[in-house]
Enquirer: 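For reference, the structure I am asking about is given below.
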2 protein chains.
Amino acid sequence: MKPNIKDIARLAEVSPTTVSRVLNNRGYISKQTRDKVNQAMRELNYYPNELARSLYHQHTYFIGLIFPTTGNPFFGELIFHIENICASLGYKIFLCNSLDRADKEQSYLEMLQRNQVDGIIVGAHNRLPEYKKINLPIVAIDRYLSDDIPVVASDNLNGGKLATKWLLDHGCREIIHINGPRELETPANKRRDGYEQMMKKAGRTPVTYELPESLIYSTCVETVRQVFNNHPKVDGIFASDDLIAATIFSEARKRGIMIPDELKVVGYDGTETVRICLPYLTTIRQPIKEMAEKAVQVLLRKIKGQFEEENREIILPIRLVEGETGRSIHS
Amino acid sequence: MKPNIKDIARLAEVSPTTVSRVLNNRGYISKQTRDKVNQAMRELNYYPNELARSLYHQHTYFIGLIFPTTGNPFFGELIFHIENICASLGYKIFLCNSLDRADKEQSYLEMLQRNQVDGIIVGAHNRLPEYKKINLPIVAIDRYLSDDIPVVASDNLNGGKLATKWLLDHGCREIIHINGPRELETPANKRRDGYEQMMKKAGRTPVTYELPESLIYSTCVETVRQVFNNHPKVDGIFASDDLIAATIFSEARKRGIMIPDELKVVGYDGTETVRICLPYLTTIRQPIKEMAEKAVQVLLRKIKGQFEEENREIILPIRLVEGETGRSIHS
DNA sequence: TTTCACATGTCAACCCATTGACATAAACTA
DNA sequence: TAGTTTATGTCAATGGGTTGACATGTGAAA
């Protein structure tokens, strides 16, 4: 069905080797022959079989991406940037949505290895034993997977501090933190540490609520309700991501709590989507594009064997973005 | 470096053919041999090279996805579902973010062909001549690519009608429509047709504003301002997607326009992300998961050669989702 | 006239797994 | 005991492209 190099050779009346030489720009080829070959390729709508080349070269230019879900705007934007950078460098992306389920993650890892990816970027959270066995360049984003896998993260500790400080500076007296499930040691838990440190420094008692499941925001409403029920006087909430912050807004709206007069909220992530939807949300903006760049850069260095062990944890600076002010009424 | 089938054979003290028989469950194998082979595979951390198998079988189980960007929640969620379904069927996804740029789309198409994908699902909008030449199963989502490429879309015409009707029913007197660039014949333009039909039916004059660029919402603010400036008495806007609706909300907030008292807005898409962020937004919900299912189903049928030409355009029903009411103040 | 850059061809090995053909042999079964 | 089922091995071809070795030939420069 599909033409191969021999078909091109036949049509261009040259040898397969010559076609290969044209394709790879090796050895001597006359302009005339080159044209003839190119013409034949166009005529037959020929594309060299990259699988065969990869097989020979032991190098696929495939990169596997394991993230919870592209549906979440933070991951969606991160993945967009990663793919974009990779594409510009000739690398191709296998997309895997793990939904933070260990079994899925496990089978994706196997799939990626079977398909000979050159490396993997992981933003999924399971600390699978598998990762120790994989003999493949891996970079994690915002996750500690194993001791020897480099991690790219935003400055979560500082983010937690800044968020809390902003609430304190804006006169909040009862500040609660809502975070995802504490699970394993993810850098994102440092947001909580930052919150707790800053609270203690201000002589307050930190109170953190943990969500039962991350990413499933419908289950998060219940926790938010608890916060309001248990702390009728809460006037500041630091949410560990923007969609939790959005959920807080909704619940506040239902309860007739005025924002920001009665309650101030700081979110986390600062994706474009959320900034379009909730421009009045104050949030800690993660440098998403820079994280993508750094992760790809480190991965490619590992792939090329130029990775120096020194910088195993790469922390990028965050920024607090104040929400727009100006009053308006939505119902 | 990586072990191959011969390494396994050597360690398990069998022939490579026997290993292959174990892997593919062909012919007769004793339990004892099977165990020995499996043990060897575990020991060497062996994964069969899927590239080699694909090369032989002329079937990769790769599917290419070309969409503008995973960063947009609609595409992010759509891609999530597509990947999810494909993964459950043993297909793997090559992710391509075209940003609606024809040059990128073109080079992705070439890349996918070189990498021997079994099929492509396209949600990018360029009507490239290339598509006629590609000798590969393709399915489009919400885009007419060429006459013989099946399209999966939501019922845009009805969506436009429903949205407009809702605004009319809620007493709006001056209703404007904001849509993406008209470009080529995309099914999404039928939202506009629906709006115009419904307006005419109600004896009103339809007014549609076109955005200069889709997906870049920063440029969309200017258009929204124009709408407000040119139509001080506008009290209803049908936005062709939710993020445009969000932009309208923001601008309204800046101008002190009360929502919904003075202005009612209906969006389009109804992604989870936007429903979390803007639960009070009335919108036309596209059946994202069903669209993903249908697209994959049609593509796989084409891949397997079971596709019947009859149903070339598959239209799935939409639903108007009313925003939550209840007043609250954000600033 | 010699030498060398240029141009192309032939051939085989290689990457890794699959598969069909064929051989061999042990263990059942009729 | 003959015939069948089970179990495994050997071998070569296949898929598509790459590459190194080597051969051959032309034309131009030294």
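Letters A, B, ... mirror the listed sequences (proteins, then strands); counts begin at 1.
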Enquirer: Return the value, rounded to whole Å, for the distance between atom CZ of A:R10 and atom C1' of D:dG16.
Expert: 13 Å

Enquirer: If you compare every side-chain N and O of A:Q116 against the phosphate oxygens of C:dC16 (OP1, OP2), does one of them come in below 4.0 Å?
Expert: no

Enquirer: Report the nucleotide, chosen from D:dG16, D:dA7, D:dT10, that has the shortest atom-to-atom distance to any side-chain atom of B:T33.
Expert: D:dA7

Enquirer: Give A:I29 one of three labels, base, sugar-phosphate or nothing, depending on what nucleic acid heavy atoms sit under 4.0 Å from its own.
Expert: sugar-phosphate

Enquirer: Rounded off to whole Å, could you give me the OH-to-C1' distance for the A:Y56 and C:dA17 pair?
Expert: 18 Å

Enquirer: Going by modelled atom types, is there a donor-acceptor pair between the base of D:dG15 and the side chain of B:R53 at under 3.5 Å?
Expert: no

Enquirer: Side chain of A:N24: nearest nucleotide among D:dG16, C:dG9, D:dT18?
Expert: D:dT18

Enquirer: Could you state the atom-to-atom distance from CG of B:N4 to P of C:dC14 in whole Å?
Expert: 13 Å

Enquirer: Taking only the side-chain heavy atoms of A:T18 (C-beta and beyond), determine which of C:dG9, C:dC15, C:dC6 contains the nearest atom.
Expert: C:dG9

Enquirer: Just checking, is any N or O donor in the side chain of A:E105 or A:S98 under 3.5 Å from an acceptor N or O on the other one?
Expert: no

Enquirer: Report the distance from atom CD of B:E50 to atom C1' of C:dC15, rounded to the nearest whole Å.
Expert: 16 Å

Enquirer: Excluding sequence neighbours, so at least two apart, what forms side chain to side chain contact (heavy atoms under 4.5 Å, CB included) with B:D147?
Expert: B:R127, B:K132

Enquirer: Does the side chain of A:S20 come under 3.5 Å of the side chain of A:T17 through a donor N or O and an acceptor N or O?
Expert: no

Enquirer: Need to verify one output field. Residue with the more 5' nearest nucleotide on DNA chain D, B:P16 or B:A52?
Expert: B:P16

Enquirer: For the side chain of A:L23, counting heavy atoms from C-beta on, which of C:dA17, C:dG9, D:dT18 is nearest?
Expert: D:dT18

Enquirer: Below 4.0 angstrom from OP1 or OP2 of D:dG16, is there any side-chain N or O of B:Q58?
Expert: yes

Enquirer: Among C:dG9, D:dT19, D:dG16, which nucleotide sits nearest the side chain of A:H57?
Expert: D:dT19

Enquirer: If I take atom NZ in residue A:K2 and atom C1' in nucleotide D:dG16, what distance separates them, rounded to the nearest angstrom?
Expert: 11 Å

Enquirer: Whole Å only: how far is the CD atom of A:Q113 from the C1' atom of C:dC16?
Expert: 17 Å

Enquirer: For A:S20 and for B:L51, find the nucleotide of DNA chain D with the closest heavy atom, then tell me which residue's nucleotide is more 5'.
Expert: B:L51

Enquirer: Output yes when at least one side-chain N/O atom of B:Y46 is less than 4.0 Å from OP1 or OP2 of C:dA17, else no.
Expert: yes

Enquirer: Send over the distance from B:E13 CD to D:dA7 C1', rounded to a whole Å.
Expert: 17 Å

Enquirer: Would one find a side-chain N or O of B:Y28 under 4.0 angstrom from OP1 or OP2 of D:dT6?
Expert: yes

Enquirer: Of the nucleotides C:dT18, D:dG17, C:dT10, which has the atom closest to the A:T17 side chain?
Expert: C:dT10

Enquirer: Rounded off to whole Å, could you give me the CZ-to-P distance for the B:R26 and C:dA17 pair?
Expert: 15 Å

Enquirer: For a quick check of understanding: with a heavy-atom distance under 4.0 Å over all strands, which category does A:S30 fall into, base, sugar-phosphate or nothing?
Expert: sugar-phosphate

Enquirer: Any base atoms under 4.0 Å from A:V19, or only sugar-phosphate, or nothing? Heavy atoms, all strands.
Expert: nothing

Enquirer: Ignoring hydrogens, what is the shortest heavy-atom contact between A:E77 and A:T273? Give both atom names and the distance.
Expert: OE2-N, 3.2 Å

Enquirer: Output a table of donor-acceptor pairs, distance under 3.5 Å, between side-chain atoms of residues 60-67 of chain A and any protein atom two or more places apart or on a different chain; print 'none' if there are none.
Expert:
unit_1, atom_1, unit_2, atom_2, d
A:T60, OG1, A:F62, N, 3.1
A:T60, OG1, A:Q116, O, 2.7
A:T60, OG1, A:D118, OD1, 3.2

Enquirer: Do NZ/NE/NH1/NH2 and the carboxylate oxygens of A:K294 and A:E290 come within less than 4.0 Å?
Expert: no

